[in-house]
J.: 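Structure in structure tokens, see below.
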Amino acid sequence: MITYEEYERKVYKWLKTKREKDNTFNFSVRVKGSKGAETDCFIGTKKSNYFATTFWTIPVGFPGSSGELISLVFGSKDKYYGYFFEFNQTKAPHDSQNQSALNLVEAIRDSPIAKLGFSHIGKPTNKMFNLKTKHRQESYVSLEAMLSDIEKDLEVIIPVVDSTIAAIKKDKPDFVAHRITEDEFHTMQNKLEKRFAKYKNISSENQLLSLTAEEPTEDYNEPENTKIGFPLNQILYGPPGTGKTYATKERAVAIASPDFKPKDFSSEKDYRKLIVAEYDKLYKDKSIHFTTFHQSLGYEDFIEGIKPKLINSGDSAQELSYNLEAGIFKRCCAYAAYNCYRLLKQDKKKSVESDYDFDELYEAFISQYRNVEEKPLFKTMTGRSVEIFEINKNDSIRARANGSTSIHVAPLTKENIQKLYDTFKSINDISNLQEVKDTVGVSPRITEFYAIFRGLKEFEAKRFRPIEKEQLNEADLNTEDEDEILKKFDGGVYDKAMKEYGKKAKPVVLIIDEINRGNVSAIFGELITLLEMDKRIGETEELQVQLAYSKSSFGVPQNLYVIGTMNTADRSVEALDTALRRRFAFDEIIPNPNLLKPQRMFWQLLWEHEENAWNSTVYKTKERQFLSFVGASEMLYEQRKAIWARMFKEGMHENQVSYFEEFDFTGIRLDSILTTINKRIDYLLDQDHTIGHSYFFEVYHSEDMQLKLREVFQYKIIPLLQEYFYNDYAKIGLVLGDEFIETETNDSQDIFSKSTRFTIADVATRYRLKPFNSIDFDAAIQELMGNE
């Protein structure tokens, strides 16, 4: 059996040969190489013994997503080869792109591809819609025989997928799905070749790539955090009421806790409760942070600034002082850096088997020298003596040559001593003072740093008695207070950890609501550049700047994610900083009337009341009101119990919504109302000013749906339209219909003085909003649904 690497090379060579015969046959390759996969041609891992390619560009993203929508997967076991085509997509799409992708995969199940047979069809209760094809033989000893069968499968699969994509695009022209283009293929190939050129230990089989080993010009390590499936900087944008802020919680949880998989929920409400509970937990743990931009927010609030503070000075008197305080962005960066440092500490503890950390050691070291008359002495590299003559209020050490009387010496900060402790295992690891200078990052007092570090290590080896392990819990071992984290972040303690562990450390998420309402240039200042992926600490083009107030060096860790929301109907959106647009991935959240369909809402209602019997007062009341509101057919009422029995047996999945498609709903259709309103707004204004579906959700969950619908129009829809159209009631009438607007005709002679100098048209026609209690609301709703 050939090796994993040889297996990849032979498949790559086979695909290249096919492309030479047909230059439209493009396939995907690995673009970046994480540790251990530097010389891999395809996405996959040697440990799991698989690799995969795809022939289509179909971008999808959702919590827990991984891999491609459509993949050709290669594997082997013992002396046998194997393969399958996999089609994979979430059953809970969060936008139109993912919904169209789900439609594509669902269509595949019933397409001619099904004749090949499926070795796996995901269970209805699964959250993912997953299909895997069978291979034509039970197993393959010959790789050539397997590749020959794959060619036969491709002749079936490629035309079917292409035609299905084309059919979906007729209804959804915005669906991004196509065969990998020539430009995309060459981009991937160029990056593959550069990565291979970086590494000199390429096997002879790699010569098929026609590469030569050169010194690397770029770092092509693949960030570990990319497995989460979300860009580092992203903005959810769309009209009001589409659920952007709502979506950020789910997305933040997926990033900050990628292993969290909600279980045991029977309704959307239960699912949301689980998400919110996990969000609250992560928020308390400082893994998620939240802020809202507004016009008065500035650099001093977001990064750092000098803030006034009242201090009690005794006898109820208060004094005003000014302190330098970190803003939310700097705090988020500090927590992300701290997560990197925790990984470094864990690795260090594995190697030295210690149950204490530097803070405990340092506190024990300096506590013996506070307020003592006899000055402790420590040896320099040349054998001279250095004494500690003061431990200041910041726990920094003031040291000087033995016999010196100077008191104006720079303190040796705890943070800089910690850098030495984290870098050198023993004093013997330091061969010259330049290494000390490079580590602490400051020029003065290098000799004193060396001497004090020697004393610390001697104390650790001979006299330090740490607290016994059983007296500490996990929280004590792994957490520090915010002030201490910020001090160490400013002091550069976490710099090494950020470089080495930034791609693996636990993420920190900053949510910025209404990001377009702030003056981005004034808020981010020079730090806007540092947000870019390749400018993060540890990346190829790493950048750090000196902060204006603290003068400390500042960079952004690779494990900090920023999620913004942007209301496209807000007039400030036009002034959105171009620099922000270039550095963020934009994900559009559009109104989705399908979420308001009575079929879907009845499906949700049944699962929400899973624990209730059919005859329970709670369920009967809610069902009767809902079915009456949507005008459900008698047939649905007769068949609903049989449908529920089938649903309950299968377990909850969204495909069950289709079980109600055959029934008529002749009552109020909120999905139709929203579609009509948005179609008219789009014509008169644009899509950015349409209305989101969330405005109508509360109608279905209300005890009096008719009354709630009136309130939604009166207190939300109409005020929003008044803002959109600047009280142009003629256009509001075009959107909502005649029932909402009345005409007022005035004769100028009855209004103005009988002036002979000024003239005005004799009759003026004006449009006004009717008093809401005089509107024939039922007729208005029927018009909006297209029922005259």
Side-chain angles (χ1 to χ4, degrees), residues 60 62-67 69 84 86-95 98-110 114 117-133 247 249-250 253-254 257-278 592 594-616 618-620 622-623 626-627 632 636-663 697 700-701:
V60 290
F62 46 86
S65 65
S66 63
L69 185 80
F84 57 85
E86 184 176 35
F87 306 84
N88 194 50
Q89 173 63 339
T90 177
K91 291 178 182 177
H94 72 276
D95 61 17
N98 279 296
Q99 179 62 60
S100 297
L102 177 60
N103 295 341
L104 172 62
V105 177
E106 288 177 335
I108 294 299
R109 180 181 55 185
D110 301 318
F118 293 115
S119 63
H120 173 79
I121 300 177
K123 294 180 181 179
T125 53
N126 291 351
K127 292 184 181 180
M128 300 298 295
F129 192 104
N130 182 267
L131 301 172
K132 294 179 182 177
T133 62
K249 285 193 175 183
E250 185 174 33
V253 167
S257 183
D259 295 330
F260 172 72
K261 299 291 185 290
K263 297 178 180 179
D264 302 325
F265 63 90
S266 60
S267 69
E268 292 286 335
K269 280 186 177 180
D270 291 339
Y271 173 73
R272 188 63 184 177
K273 286 179 181 177
L274 292 171
I275 291 292
V276 170
E278 182 68 10
N592 188 356
N594 289 332
L595 298 179
L596 299 171
K597 292 175 66 173
Q599 295 91 334
R600 179 183 177 85
M601 299 312 299
F602 189 54
W603 168 75
Q604 286 188 6
L605 179 66
L606 290 171
W607 281 110
E608 285 175 9
H609 293 270
E610 177 186 3
E611 302 299 326
N612 296 124
W614 286 101
N615 293 323
S616 70
V618 174
Y619 177 73
K620 285 180 67 176
K622 191 66 180 177
E623 182 195 57
F626 174 80
L627 295 180
L636 171 62
Y637 191 82
E638 294 170 355
Q639 297 184 23
R640 73 199 197 289
K641 292 185 179 181
I643 294 173
W644 168 247
R646 177 185 175 188
M647 289 168 55
F648 186 76
K649 183 178 180 180
E650 294 174 346
M652 183 182 181
H653 64 86
E654 288 205 25
N655 288 346
Q656 294 166 343
V657 174
S658 63
Y659 299 167
F660 304 102
E661 292 292 345
E662 62 181 289
F663 302 108
F697 275 146
Y700 283 128
H701 297 111

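Predicted, not measured: the structure shown is a model, and the values here were computed from it.
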J.: Give the intermediate values and the outcome of side-chain hydrogen bond (donor to acceptor under 3.5 Å, both in side chains) for residues Glu250 and Tyr271.
T.: CA-CA 10 Å; Glu250 185 174 33; Tyr271 173 73; 2.2 Å; yes
J.: Roughly how far, to the nearest 0.5 Å, is CD of Glu610 from CG of Leu605?
T.: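 Spacing of CG (Leu605) from CD (Glu610) equals 12.5 Å.
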J.: Considering all heavy atoms of both residues, which atom of Gly651 and which atom of Gln656 are nearest to each other, and what is their separation?
T.: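 Minimum heavy-atom separation between Gly651 and Gln656: O-NE2, 2.7 Å.
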J.: Over 60° means perpendicular and under 30° means parallel, so classify the ring planes of His653 and Tyr659, tilted if in between.
T.: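 It falls in the perpendicular class, over 60°.
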J.: Let me confirm one number: the CD-CG distance from Glu86 to Leu131, rounded to the nearest 0.5 Å.
T.: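 One gets 9.0 Å once the value is rounded to the nearest 0.5 Å.
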J.: What are the two closest non-hydrogen atoms of Thr133 and Phe84, and how far apart are they?
T.: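 The answer is O-CB, 3.3 Å.
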J.: Looking at CD of Glu278 and CZ of Phe260, how far apart are the two atoms once the value is rounded to the nearest 0.5 Å?
T.: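 That separation rounds to 4.5 Å.
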J.: Grab the two heavy atoms, one from Tyr700 and one from Lys597, that are nearest each other, plus how far apart they are.
T.: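 In this case the closest contact between Tyr700 and Lys597 is OH-C, 4.4 Å.
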J.: Rounded at 0.5 Å granularity, tell me how far CG in Leu627 sits from OH in Tyr637.
T.: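 So the gap between those two atoms works out to 8.0 Å.
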J.: Of all heavy-atom pairs between Ser658 and Asn655, which one has the smallest distance, and what is that distance?
T.: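 Scanning both residues, the minimum pair turns out to be OG-O, 2.6 Å.
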J.: Minimum heavy-atom separation for Gln599 and Phe660, please, with both atom names.
T.: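 Shortest heavy-atom contact: CG-O, 3.4 Å.
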J.: May I ask you to decide whether Glu608 forms a salt bridge with Lys622, counting only side-chain N to carboxylate O separations under 4.0 Å?
T.: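 No salt bridge links Glu608 with Lys622.
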J.: In chain order, what residues pass the side-chain contact (heavy atoms from CB on, under 4.5 Å) check against Glu638, with sequence neighbours excluded?
T.: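 Result, side-chain contact (heavy atoms from CB on, under 4.5 Å) vs Glu638: Glu634.
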J.: Is there side-chain contact between Leu596 and Phe697, with heavy atoms separated by less than 4.5 Å?
T.: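 The answer is yes; the side chains approach within 4.5 Å.
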J.: Which one of Asp110, Ile108, Leu102 satisfies the side-chain contact (heavy atoms from CB on, under 4.5 Å) criterion with Glu106?
T.: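 Exactly one option meets the side-chain contact (heavy atoms from CB on, under 4.5 Å) with Glu106, and it is Leu102.
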J.: Enter the distance from Asn103:CG to Phe129:CZ here, rounded to the nearest 0.5 Å.
T.: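 So the gap between those two atoms works out to 10.5 Å.
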J.: List in chain and number order the residues that pass side-chain contact (heavy atoms from CB on, under 4.5 Å) with Ser119, two or more places apart in sequence or in another chain; answer none if no residue qualifies.
T.: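 Expected list: Lys132, Lys134.
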J.: Taking Gln89 for the side chain and Asn98 for the main chain, is one N or O donor matched with an acceptor at less than 3.5 Å?
T.: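 Judged by distance alone, yes, a pair lies under 3.5 Å.
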J.: Run the salt-bridge test on Glu654 and Arg600 with the 4.0 Å N-O cut-off and return the result as yes or no.
T.: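 A salt bridge links Glu654 with Arg600.
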J.: So, do Trp614 and Glu623 sit near enough that their side-chain heavy atoms are less than 4.5 Å apart?
T.: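 The answer is yes, as the side chains (C-beta and beyond) meet within the 4.5 Å cut-off.
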J.: Please examine the side chains of Arg109 and Phe87, heavy atoms only from C-beta on, and report whether any two atoms are closer than 4.5 Å.
T.: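 No, every pair of side-chain atoms sits at 4.5 Å or beyond.
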J.: Please tell me if the side chains of Leu606 and Phe648 come closer than 4.5 Å, counting only heavy atoms from C-beta onward.
T.: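 They are not in contact (no side-chain heavy atoms under 4.5 Å apart), so the answer is no.
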J.: Find out whether Val253 and Lys249 are in side-chain contact, i.e. whether some heavy atom of one side chain is under 4.5 Å from a heavy atom of the other.
T.: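 Sidechains of Lys249 and Val253: no contact.
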J.: In the structure I gave you, are the side-chain heavy atoms of Ile643 and Phe663 within less than 4.5 Å of one another anywhere?
T.: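 Answer yes - side chains close enough.
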